[in-house]
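Index from 1, following the sequence. When a ligand or atom number is given, it counts from 1 through the structure's own listing order.
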Amino acid sequence: MQKVRKAIIPAAGLGTRFLPATKAIAKEMLPIVDKPTIQFIVEEAIASGIEDILVITGKGKRPIEDHFDANLELEQNLRAKGKKELLALVEETTAIKLHFIRQKHPRGLGDAVLQAKAFVGNEPFVVMLGDDLMEDTIPLTKQLMNDFDVTQSSTLAVMKVPHEETSRYGIINPSGKIEKGLYNVTDFVEKPTPEEAPSDLAIIGRYLLKPEIFEILEHQAPGAGGEIQLTDAINTLNNTQRVFAREFLGQRYDVGDKLGFVETNILYGLKHPEIKDDLKKFLISLVAEMDTEKK
Ligand code: G1P
């Protein structure tokens, strides 16, 4: 029986949705309160029992490598000033072992994943996209790994989205359930219009894949948006071996979208021990002010 040990985090995207903020800063480094979004993803991988992580970077992504590297000057400074809690936060990021590889040309998610072929070898692995932060009692990546222990098959996480939003996602065509929340799938379609969409079940950025996907990606023609799409390769993989979809029932925060990013900052701020009380007071007074303006 095979075990999943490796994760890939594609982080080569240009981050155009957040321009001009992302002109000189990697979008993965934009913080939710005080933690870069990519750190949440790395923490989910570790909490799921992943042993080896490869981040696919591109031009301008050096800050991601620096973030997980030691910063001796900063550590010394915090130590000298007795700032133990801050020091612990900084040390937490250096304790994590990561590998990095560059995607040389921005050809799409499928091509980014293909860069991990040598790292992955002949093992099942997970792909974790940075635009979705997930919260549940069992981390979503771990849920997919638990499914794999039983099925030994590729499985993607999906979630119901509003019908008018299907063109933002890969959408599955489900064909019956294997068990509660685990679907058989006939088609995987990248970014269909609401008219074309076979369902409202969208792929949400966590994939557990078998290594045969790489042979398909090597010959994958560009699809939606002229990019090499992971969804198209998965659709082909499903012709030769079963690919399942696991419905996620936890909380998803879409931080790849402006509104979702701001909302997530507020929601995490309301849980953050340092600022939660003051943020709550601020929001209550803001709502009261808006109500009086309306009258
Ligand atoms: C990518 C995938 C898409 C998936 C989405 C989830 O799209 O191509 O299938 O539904 O991530 O966030 P992107 O958001 O990179 O355009």
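The heavy atom nearest to atom 14 (O) of ligand 1, out of those in E190, R206, R17, E227, is found in R17.
Residues L230 and L54 share a single hydrophobic cluster, defined by chaining ILVMFWY side chains whose heavy atoms lie under 4.5 Å apart. Note: the hydrophobic cluster containing I204 does not contain Y207 (ILVMFWY, side chain heavy atoms under 4.5 Å, direct or indirect links).
Taking a cut-off of under 4.0 Å to the non-hydrogen atoms of Q229, the atoms of ligand 1 that pass are 8 (O). Atom numbering of ligand 1 starts at 1 in the shown order; those under 4.0 Å from a heavy atom of T231 are 9 (O). Near G170, the atoms of ligand 1 lying under 4.0 angstrom from a non-hydrogen atom of the residue are 3 (C), 4 (C), 9 (O), 10 (O).
With a heavy-atom cut-off of 4.0 Å, D254 does not touch ligand 1 at all. Using a 4.0 Å cut-off between heavy atoms, L230 makes no contact with ligand 1 at all.
Annotation: cation-pi pair K35/F40 present, NZ/CZ under 6.0 Å from the ring centroid and within 45° of its normal.
A donor and an acceptor atom, one from each side chain of N173 and T186, are located under 3.5 Å apart. Between D136 and Q251, the side chains place no donor N or O within less than 3.5 Å of an acceptor N or O (distance only, hydrogens not considered). Side-chain N/O atoms of H105 and D111 include no donor and acceptor closer than 3.5 Å.
The aromatic rings of F214 and F125 sit parallel to each other, their planes meeting at less than 30°, with 60° as the upper class boundary.
Protein heavy atom nearest atom 1 (C) of ligand 1, with residue, atom name and distance: L129 CD1, 4.0 Å. If you check which protein heavy atom lies closest to atom 12 (O) of ligand 1, you get D132 OD2, 3.1 Å. Looking from atom 4 (C) of ligand 1 to the surrounding protein, the closest heavy atom is I203 O, 3.4 Å. Among all protein heavy atoms, the one lying closest to atom 7 (O) of ligand 1 is K191 NZ, 3.3 Å.
In this structure, F188 falls outside the shell of residues with a heavy atom less than 4.0 angstrom from ligand 1.
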Exercise for the section: May I have the step-by-step check of salt bridge (charged side-chain N to carboxylate O under 4.0 Å, His left out) for K6 and E123, ending in yes or no? Expected result: CA-CA 8 Å; K6 295 178 178 174; E123 292 183 35; 3.5 Å; yes
